Engineer: 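Sharing a structure, written as structure tokens. Questions coming.
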Amino acid sequence: MPSPRRLTRASIVTPERLRASALAYLARYSSSQEGLRRVLSRRVQRAQRLGGEVDAAQASAWIEAIIGDVVRLGYVDDATFARGRIRALRARGRSRSMIEMDLTSVKGLAPDMVRDMLETMEHEEGQDANQAEEMAARALIRRRRLGPFRPPDQRHAYLRRDLATLARAGFPLSLARHVLDLSPEDVEDMGE
């Protein structure tokens with residue numbers, strides 16, 4: 001064990017410090033419960049690496065209590081987080097499959113909740129899943145300047161590359177071909 005002189009503030013974990021870390025994080029970022037749990041767990045792991053004497057079970061209990069408190073106070077709401085994240089990802093041109101992967105694997109939300117939220121948001125916007133996917137594909141080609149946004153003499157030369165970009169983004173080939181065949185005016189027209 002390192003000598004007490006070598007211990008830093010970061011190596012000392014208390015419920016109060018974890019709570020302060022959680023509130024500082026939430027003041028700056030929107031988060032899911034699982035996201036906050038991961039942030040606080042990394043804080044505990046960092047303290048352990050720095051030589052702090054931290055009981056993992058006790059720290060885990062503190063983290064769960066803090067998450068319970070911030071949820072009860074309304075600082076963390078998974079449904080609101082999912083809704084905002086879905087809107088942001090759709091605007092950036094993310095496909096439904098990529099959104100589901102981001103929210104479940106990366107952000108730690110329940111798959112059923114994510115699917116329900118996607119369906120609810122599509123219904124609220126008067127769209128079906130296909131229309132929402134097409135809107136996202138159009139946003140991606142607009143943002144990345146693909147297909148109709150390339151100079152006319154380069155469209156054909158870059159068609160395979162553009163199709164591959166849309167495929168990697170999780171869009172079906174038929175939809176990718178469709179949006180790449182549009183004119184720039186047609187891309188801008190949908191949904192406005």
Side-chain angles (χ1 to χ4, degrees), residues 1-125 127 129 132-133 135-137 139-140 143-144 168-171:
M1 179 177 155
S3 68
R5 289 180 297 166
R6 296 187 61 191
L7 292 179
T8 64
R9 286 188 61 155
S11 65
I12 301 170
V13 175
T14 65
E16 295 78 23
R17 286 186 180 199
L18 279 177
R19 185 174 308 280
S21 293
L23 294 176
Y25 182 80
L26 293 173
R28 195 161 181 201
Y29 305 104
S30 177
S31 181
S32 64
Q33 291 178 44
E34 182 60 28
L36 182 60
R37 185 176 290 110
R38 290 173 183 171
V39 166
L40 295 177
S41 295
R42 283 193 303 268
R43 170 78 172 81
V44 170
Q45 291 166 357
R46 180 174 175 227
Q48 290 171 330
R49 278 193 318 273
L50 292 173
E53 292 184 22
V54 180
D55 178 23
Q58 186 178 39
S60 180
W62 294 340
I63 290 170
E64 293 307 315
I66 292 166
I67 289 172
D69 290 346
V70 295
V71 167
R72 187 176 32 77
L73 292 169
Y75 297 158
V76 173
D77 179 7
D78 283 353
T80 302
F81 175 78
R83 182 178 288 273
R85 187 85 177 148
I86 290 169
R87 269 204 189 91
L89 292 173
R90 277 284 189 209
R92 294 194 73 219
R94 296 290 164 84
S95 67
R96 182 183 186 105
S97 60
M98 291 299 195
I99 291 171
E100 287 180 9
M101 184 181 70
D102 177 79
L103 291 176
T104 57
S105 300
V106 179
K107 301 300 180 185
L109 296 175
D112 293 338
M113 195 262 293
V114 172
R115 275 192 234 72
D116 291 345
M117 185 61 69
L118 280 163
E119 291 170 8
T120 300
M121 290 178 70
E122 290 162 359
H123 178 71
E124 288 172 357
E125 295 166 5
Q127 300 176 333
E133 271 306 83
M135 291 285 291
L140 180 65
R143 188 172 65 85
R144 298 279 308 270
R168 282 190 304 273
F171 295 105

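As the structure is a computational prediction, the values presented were derived from the model and not from experiment.
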Engineer: Just wondering, more than 12 heavy atoms not from R144 lying within 6.0 Å of its CZ?
Structural biologist: no
Engineer: Work out which heavy atom in A169 is nearest to a heavy atom in L140; give both atom names and the distance.
Structural biologist: CB-CD2, 3.7 Å
Engineer: Quick one: are Y29 and V39 in side-chain contact, heavy atoms under 4.5 Å?
Structural biologist: no
Engineer: About how many Å separate CD of Q45 and CG of L50, when rounded to the nearest 0.5 Å?
Structural biologist: 12.0 Å
Engineer: Which atoms form the tightest heavy-atom contact between V13 and A47, and what is the distance?
Structural biologist: CG2-CB, 3.2 Å
Engineer: Just so I know, are the side chains of S31 and L26 near enough to count as touching, which here means a heavy-atom distance under 4.5 Å?
Structural biologist: yes
Engineer: Is there a side-chain contact between R43 and I63 in this structure, where contact means two heavy atoms from C-beta onward sitting under 4.5 Å apart?
Structural biologist: no
Engineer: Determine, for R90 against E125, whether the closest basic-nitrogen to carboxylate-oxygen distance falls under 4.0 angstrom.
Structural biologist: no
Engineer: With rounding to the nearest 0.5 angstrom, report the CG to CD1 distance, L36 to I67.
Structural biologist: 5.0 Å
Engineer: Is any side-chain heavy atom of R92 closer than 4.5 Å to one of M98?
Structural biologist: no
Engineer: Check whether D78 reaches the backbone of Q33 with its side chain - one donor and one acceptor, N or O, closer than 3.5 Å.
Structural biologist: yes
Engineer: Which heavy atom in G170 sits nearest to a heavy atom in S95, and how many Å separate them?
Structural biologist: CA-OG, 3.5 Å
Engineer: Give a yes or no on whether a salt bridge exists between R19 and E16, defined as a side-chain N under 4.0 angstrom from a carboxylate O.
Structural biologist: no
Engineer: Find the distance between CZ (R94) and CZ (F171) and round it off to the nearest 0.5 Å.
Structural biologist: 9.5 Å
Engineer: Rounded at 0.5 Å granularity, tell me how far NE2 in H123 sits from OG1 in T120.
Structural biologist: 8.5 Å
Engineer: Which heavy atom of A22 sits nearest to which heavy atom of I66, and what is that distance?
Structural biologist: CB-CG2, 3.8 Å
Engineer: Would you indicate whether the side-chain heavy atoms of V44 and W62 approach each other to under 4.5 Å?
Structural biologist: no
Engineer: Between M121 and M117, is there a side-chain heavy-atom distance shorter than 4.5 Å?
Structural biologist: yes
Engineer: Does any pair with a residue in residues 102-112 pass side chain to side chain donor-acceptor pair (under 3.5 Å), and if so which ones, sequence neighbours excluded?
Structural biologist: R85-D102, D112-R115
Engineer: Taking the side chain as C-beta and beyond, is there a heavy-atom pair between L23 and Y75 under 4.5 Å?
Structural biologist: yes
Engineer: What are the two closest heavy atoms between R96 and A129, and how far apart are they?
Structural biologist: NH1-CB, 4.1 Å
Engineer: Closer than 3.5 angstrom, by distance alone: can the side chain of S60 be matched with the main-chain N or O of A56 as a donor-acceptor pair?
Structural biologist: no
Engineer: Considering all heavy atoms of both residues, which atom of A82 and which atom of L109 are nearest to each other, and what is their separation?
Structural biologist: CB-CD1, 3.8 Å
